[in-house]
Number of protein chains: 2
Amino acid sequence: MKRDSRLSSVLHALLHMAEHEGPMTSDALGRCLGANPVVVRRTMGLLREAGLVSAERGHSGGWRISADLRIVSLRHLHEALGEPAIFAIGNRNEVPECLVEQAVNAALDKAFLEAEALLMERFADVTLADLAADFTRRHAERRATKD
Amino acid sequence: MKRDSRLSSVLHALLHMAEHEGPMTSDALGRCLGANPVVVRRTMGLLREAGLVSAERGHSGGWRISADLRIVSLRHLHEALGEPAIFAIGNRNEVPECLVEQAVNAALDKAFLEAEALLMERFADVTLADLAADFTRRHAERRATKD
DNA sequence: TTTCATGTAACTACATATGTTACGATTCGG
DNA sequence: CCGAATCGTAACATATGTAGTTACATGAAA
Ligand code: FES
Ligand code: FES
């Protein structure tokens, strides 16, 4: 099954934008991510609808972050992307007649809901500012290693 | 993304087998689950390789449970199925050069690993015997409601 | 007015799960 | 022993969802 990598993509894009002066074009972001510029527009468009970024058309246009990096969490981004399905595993039949299958579904659903709740908690805990700081730390580490 | 429903399927099948005298054929299980008998064989074959069920060919053959219901947990079944990918969301690039992407991946991986660990813990806690008991409870409840 | 950029629709390419067909191998009942 | 029942497995078909691509309209700046 092909995994949805949009959360990873927009995070990468947003952090590059945060480090960058002025707007970045879909083309530049696409080259950065190794993705198609139309796909970038498609995905960033969802963030725009959520008010997290803004786009300007025409000469020297592109994408800009329009939210506070300290506020925007992974959870906000996940929601902006439409809360895509998290799990690649699911029940065969969501509304079974059979009591056996109902018992199975109840057990699986319980476990998956708990895992999802934990994941959302962790997502809410991590902001773009946190990731930017982590990047800065890694950058300093690399320079220290090289010297 | 199309979700993998094999865990749900084998649980349903195993519980029906547990309630059933003698072996059950792939055909019978397929009718029960609403699945193709070849798919049943394909999936149950993985459980056979893990020693959880046995198959007999020929007249009055079929599938039998060959393990203790109190021992076999959801986790055992997940492992028997080859530990398929749990998440439908992933990193765009698993081995990135870019430090920004490394920081992003690290944060996402941490959250997903924690969620996966919790899920595996819950899976390990639920045995086939537990599910069979839950089925019995639901069965009694339905009869009580009908009376 | 030309060029650069987003916005969007429509189609293609690809991956993966499941379904289907076909046939061989094995076991049992008569 | 023969034939029906059943698993084992390969090969192919179908369905679904993500990402890529092409095409063109819209808008803004030089
Ligand atoms: S891809 Fe992150 S550096 Fe351009
Ligand atoms: S499908 Fe569970 S009762 Fe047959």
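Chain A is the first sequence line, chain B the second, and so forth, proteins listed ahead of strands; every chain is numbered from 1.
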According to a strict under-4.0 Å criterion, is [X] in side-chain N/O contact with OP1 or OP2 of [N]?
{"X": "Arg92(A)", "N": "dG19(C)", "value": "yes"}
{"X": "Arg48(A)", "N": "dT8(C)", "value": "yes"}
{"X": "Thr25(A)", "N": "dA5(C)", "value": "no"}

>> Determine whether a donor-acceptor pair (N or O, by modelled atom type, separation under 3.5 Å) exists between the side chain of Asp130(A) and the backbone of Thr127(A).
In response: yes
Rounded to whole angstrom units, what separation is found between the [atom1] atom of [X] and the [atom2] atom of [N]?
{"X": "Arg64(B)", "N": "dC7(D)", "atom1": "CZ", "atom2": "P", "value": "12 Å"}
{"X": "Arg3(A)", "N": "dC14(C)", "atom1": "CZ", "atom2": "C1'", "value": "17 Å"}
{"X": "Arg6(B)", "N": "dG19(C)", "atom1": "CZ", "atom2": "P", "value": "12 Å"}
{"X": "Leu33(B)", "N": "dG19(C)", "atom1": "CG", "atom2": "C1'", "value": "14 Å"}
{"X": "Met17(A)", "N": "dT6(C)", "atom1": "CE", "atom2": "P", "value": "10 Å"}

> So which heavy atom on Ala28(A) is nearest to which on Met24(A), and how close?
Replying inline: CB-CE, 4.3 Å
> Looking just at side-chain N and O atoms, do Thr136(A) and His139(A) make a donor-acceptor pair shorter than 3.5 Å?
Replying inline: no
> Any chance the side chains of Ser26(B) and Trp63(B) put a donor and an acceptor closer than 3.5 Å?
Replying inline: yes
> Would His16(B) and His12(B) count as a close aromatic pair, with their ring centres under 6.0 Å?
Replying inline: yes
> Which hydrophobic side chains are connected to Leu118(A), either touching it within the sub-4.5 Å cutoff or through other members that do?
Replying inline: Leu118(B)
> What residue among Arg64(A), Arg48(A), Met44(A) forms side chain to side chain contact (heavy atoms under 4.5 Å, CB included) with Ser54(A)?
Replying inline: Arg64(A)
>> Nearest 0.5 angstrom please: Phe135(A) CZ to Glu101(B) CD, how far?
In response: 12.5 Å
> With nearest nucleotides of DNA chain D determined for Asp27(B) and Gly34(A) from heavy-atom distances, which residue corresponds to the more 5′ nucleotide?
Replying inline: Asp27(B)
> In terms of heavy-atom contacts, does CD of Glu97(A) have more than 12 from other residues, nucleotides or ligands at under 6.0 Å?
Replying inline: no
When you compare the protein's N or O atoms with those of nucleotides 27-30 of chain D, which come within less than 3.5 Å of each other, and at what distance?
unit_1, atom_1, unit_2, atom_2, d
dG27(D), N2, Gly58(A), N, 3.1

>> Can you list, in residue-number order, the parts of residues 35-47 of chain B that come under 4.0 Å of DNA chain C, counting heavy atoms only?
In response: Asn36(B), Val38(B), Val39(B), Arg42(B)
